[in-house]
Structures are given as structure tokens and as C-alpha cells.
Amino acid sequence: MKLLLPDSLPLAPDLPDGVDAVVYAAAAPVPAEHRDAEALVVWGSSGDDLAAVADKMPHLRWVQTLAAGPDTVLRAGFPDDVVVTSGSGLHDATVTEHALALTLALLRRLPEAAAAQAEHRWDPELGGLQPLRPHGRVTTLIGSRVLIWGFGNIGQTLAPLLCQLGAQVRGVARSAGQRAGFDVVAEEDLAAELERTDVLIMILPATDATARALGAERLAALPAHAYVVNVGRGTTVDEDALAAALTAGEIAGAALDVTAVEPLPADSPLWDVPNLLITPHAAGGRPVGADELIAHNVRALLEGAPLRNVVAR
């Protein structure tokens with residue numbers, strides 16, 4: 001079996017005998033001489049490059065994307081009989097780190113501290129003696145109500161860390177219940193939950209159902225002291241509505257690691273929105289455990305056993 005591995009990160013999976021692993025350039029379509037491959041690992045390829053070969057690999061049986069969200073691969077148009085598996089689980093730790101970093105940066109007013117430092121200004125409002133819970137602001141996770149919208153692997157990794165820092169955490173998913181020991185509310189009850197939220201952390205995938213899921217109406221349901229953090233997909237936030245809410249002071253601040261258009265154009269008005277922290281899709285980008293996942297799924301494919309992270313199509 002020929003297995004194609006991208007050159008966008010060093011990979012060395014422990015493969016069984018008979019598997020010919022070939023490295024290809026992820027920044028271009030799979031070259032003609034390797035379109036006879038039966039298995040393709042994707043990391044960093046554009047949707048256009050994948051679409052260019054999706055119907056030109058007649059022996060392809062399986063595509064493994066290392067991204068947690070398989071949307072780019074699914075849109076490429078691979079035949080229905082090609083199994084697609086996602087990188088779910090590979091980004092839990094790194095995205096959790098970044099989500100926590102962005103949340104703490106907003107609460108502890110680090111962007112304002114950086115601005116003061118650039119001006120060589122010691123700002124007494126940012127330090128010194130101050131109340132734990134100043135009126136109209138949230139400055140600590142202690143006792144804060146954090147809502148994680150999209151309570152999958154990453155959300156369930158993040159939630160215990162937030163709790164250890166004193167937060168009260170609940171999740172939001174399509175159906176209510178308990179997951180990993182945390183209360184989860186249904187999306188249909190989201191509006192009432194937003195009214196008592198201090199920090200909303202979004203980790204939603206990009207689907208038709210989640211497009212602009214956080215719009216003007218839901219933003220208006222948040223308290224004026226609330227913060228929004230998005231480490232999921234940029235298309236899940238109505239960016240115009242978010243910019244309007246921040247400009248009007250209807251919420252206290254937001255942090256976006258993802259935007260609807262990436263890279264974010266230099267002339268995007270988002271760069272100048274007040275109280276908005278932007279990082280360049282930095283939360284993931286470093287799949288942890290990719291070799292093990294690839295090796296497991298190669299063996300499963302050869303043995304006719306179930307593959308991990310199969311995506312419903």
C-alpha cells in the first residue's frame with residue numbers, strides 16, 4: 001500500500017511491512033506520479049489543491065486529515081467510498097493552552113498593559129490595590145461563570161483547568177446532559193444561559209448549522225461585563241455584529257484566534273475594533289500524537305478493523 005505523508009511536519013509513524021510511505025509537498029496538489037496512492041494524510045493543504053486531485057486518485061481508500069475539523073477535506077469532493085478520518089484529539093492540549101491564555105489575557109487586561117508599556121506608562125488602574133470583583137468588570141476566574149460552547153474533546157480538556165482556577169463551568173451542546181462530569185445545556189436554552197455568563201468560550205466546528213452562530217441577538221444576551229473567546233472556527237461568529245457590540249461597549253472584550261477570512265486582510269476593520277485581541281490561528285497547528293493515530297489507522301485499514309475518528313459523510 002502506498003501512503004502519502006505531507007512535508008508540512010515531521011512524521012515517522014511505525015508502519016507495518018508492505019506500506020510504502022512517500023512524502024509529498026503539502027503546498028501543492030499531489031503530483032501525478034503519486035496519484036496511485038491508496039492512503040493520503042493531509043496537513044496544511046489548501047482546499048483548492050485537494051479539490052484538484054479528489055477525483056484523480058482512482059485507488060484512494062482513505063484520507064486522514066490531522067486537523068480536528070475535517071471541513072476542508074469534506075469540501076474537496078473525494079468520492080463517497082473514500083473513508084475520511086479526522087485529527088480529533090490531536091489538538092486538545094494545545095488549543096486548551098491557547099484558550100486559557102486568551103481568557104486570562106482578557107481578564108487580567110494584558111492588552112491594556114502592553115499598550116501602556118509601549119507608551120512607557122505605569123498605569124495605576126491595572127495594578128496596585130484593587131478589589132477582587134470591581135463593579136462592572138470581571139478580573140478573575142475565581143467565582144466566574146464560564147460557558148464553553150462546543151463541549152467536545154477540547155472543551156472537556158479545558159473545563160477542569162478553568163475549575164482549578166476557581167471558575168464555574170458549564171458546556172453547551174446540541175442536547176443537554178452531563179459530559180465528563182460537567183453540566184451541559186442544550187443550544188435551545190442558550191439565550192437564558194448567556195444572560196448569566198461572564199466568559200463565553202467558543203470551540204464550534206464549521207458547519208452550515210454553526211455559520212454566524214454568535215450573532216447580534218446572542219451577543220445582546222450577554223452581560224456588558226462579559227468576554228468572548230473563539231478558538232473554534234471563524235465562520236461561527238458574525239464578525240460585524242461582534243465589532244458593533246465591542247464598539248458600543250455592549251460587551252467588555254473579545255479574543256479571536258480564528259476569523260472568517262484567513263489570513264485576516266491588513267485592511268480588515270477588525271484590526272481596529274476596541275477591546276479585541278487577535279491571534280493568527282495560533283491555538284492549534286501542532287498535532288500531538290499524529291504518528292500514533294496514523295499508524296493505528298493504517299493497521300486498521302489493512303486488517304479491515306474500525307478506524308479511529310471516522311467522519312460521517
Side-chain angles (χ1 to χ4, degrees), residues 1-91 93-95 98 205-206 233-235 257-266 279-302 307-311 313:
M1 182 178 81
K2 179 185 279 189
L3 168 69
L4 300 185
L5 299 175
D7 65 355
S8 47
L9 79 167
L11 289 168
D14 183 12
L15 301 172
D17 293 339
V19 176
D20 180 21
V22 177
V23 176
Y24 74 98
V30 173
E33 64 267 26
H34 294 314
R35 293 180 189 172
D36 59 343
E38 295 177 64
L40 171 66
V41 177
V42 174
W43 181 241
S45 295
S46 71
D48 288 343
D49 286 344
L50 292 176
V53 301
D55 61 351
K56 296 179 176 63
M57 300 181 70
H59 304 294
L60 190 66
R61 301 167 57 193
W62 163 55
V63 176
Q64 170 72 67
T65 175
L66 300 183
D71 38 295
T72 300
V73 169
L74 294 179
R75 286 196 300 265
F78 290 98
D80 290 342
D81 60 350
V82 174
V83 177
V84 174
T85 53
S86 77
S88 177
L90 302 183
H91 305 274
T94 54
V95 177
H98 203 75
R233 288 291 184 265
T235 55
D257 183 56
V258 288
T259 53
V261 176
E262 295 182 2
L264 186 64
T279 56
H281 206 139
R286 295 155 290 172
V288 178
D291 282 333
E292 291 80 4
L293 179 61
I294 294 167
H296 175 277
N297 279 347
V298 165
R299 288 186 172 84
L301 187 69
L302 293 175
L307 278 68
R308 288 182 189 162
N309 298 349
V310 173
V311 178
R313 303 181 65 192

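Formation of a donor-acceptor pair under 3.5 Å by the Asp291 side chain with backbone atoms of Ala12 is found in this model.
No side-chain heavy atom of Leu66 sits under 4.5 Å from any side-chain heavy atom of Ser8. With contacts defined as side-chain heavy-atom distances shorter than 4.5 Å, the pair Pro16/Leu302 qualifies. A 4.5 Å side-chain heavy-atom check between Trp62 and Val298 finds at least one atom pair inside the cut-off. A heavy-atom distance below 4.5 Å is found between the side chains of Asp71 and Arg233. In this structure the side chain of Thr85 reaches within 4.5 angstrom of the side chain of Val310, judged on heavy atoms.
Here the CZ atom belonging to Arg35 is positioned 13.0 Å from the NE2 atom belonging to His59, to the nearest 0.5 angstrom. Distance check: Leu50 CG to Phe78 CZ gives 5.0 Å after rounding to the nearest 0.5 Å. The CG atom of Leu293 lies 8.0 Å from the OG atom of Ser86; values are rounded to the nearest 0.5 Å. Annotation: the span from Lys2 atom NZ to Met57 atom CE amounts to 8.5 Å, rounded to 0.5 Å. Residue His296 holds its NE2 atom at 9.5 Å from CG of Asn309, rounded to the nearest 0.5 Å. Atoms CZ and CG, on Arg313 and Asp81 in that order, are 8.5 Å from each other to the nearest 0.5 Å.
Considering all non-hydrogen atoms of both residues, Ser45 and Thr72 come closest at O-CG2, 4.3 Å. Listed here is the closest heavy atom pair of His91 and Ala67: NE2-CA, 3.9 Å. What you find for Pro6 and Ala26 is that their closest heavy atoms are CB-CB, 4.0 Å. In this structure, Leu90 and Ala290 approach most closely via the heavy-atom pair CD2-N, 3.9 Å. Nearest heavy atoms, Leu5 versus Ala21: CD1-CB, 4.0 Å. Scanning all heavy atoms of the two residues, the minimum distance from Asp257 to Glu262 falls at O-OE2, 4.4 Å.
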Evaluate the criterion side chain to side chain contact (heavy atoms under 4.5 Å, CB included) for residue pair Val53 and Leu60; output intermediate values, then yes/no. CA-CA 11 Å; Val53 301; Leu60 190 66; over 6 Å; no
Would you check, one step at a time, whether the test side chain to side chain contact (heavy atoms under 4.5 Å, CB included) holds for Leu301 with Glu38? CA-CA 10 Å; Leu301 187 69; Glu38 295 177 64; 5.8 Å; no
Worked check of side chain to side chain contact (heavy atoms under 4.5 Å, CB included) between Val41 and Leu3: CA-CA 8 Å; Val41 177; Leu3 168 69; 3.9 Å; yes
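Identified under the side-chain hydrogen bond (donor to acceptor under 3.5 Å, both in side chains) test for residues 46-58, with sequence neighbours left out: Ser46-Asp49.
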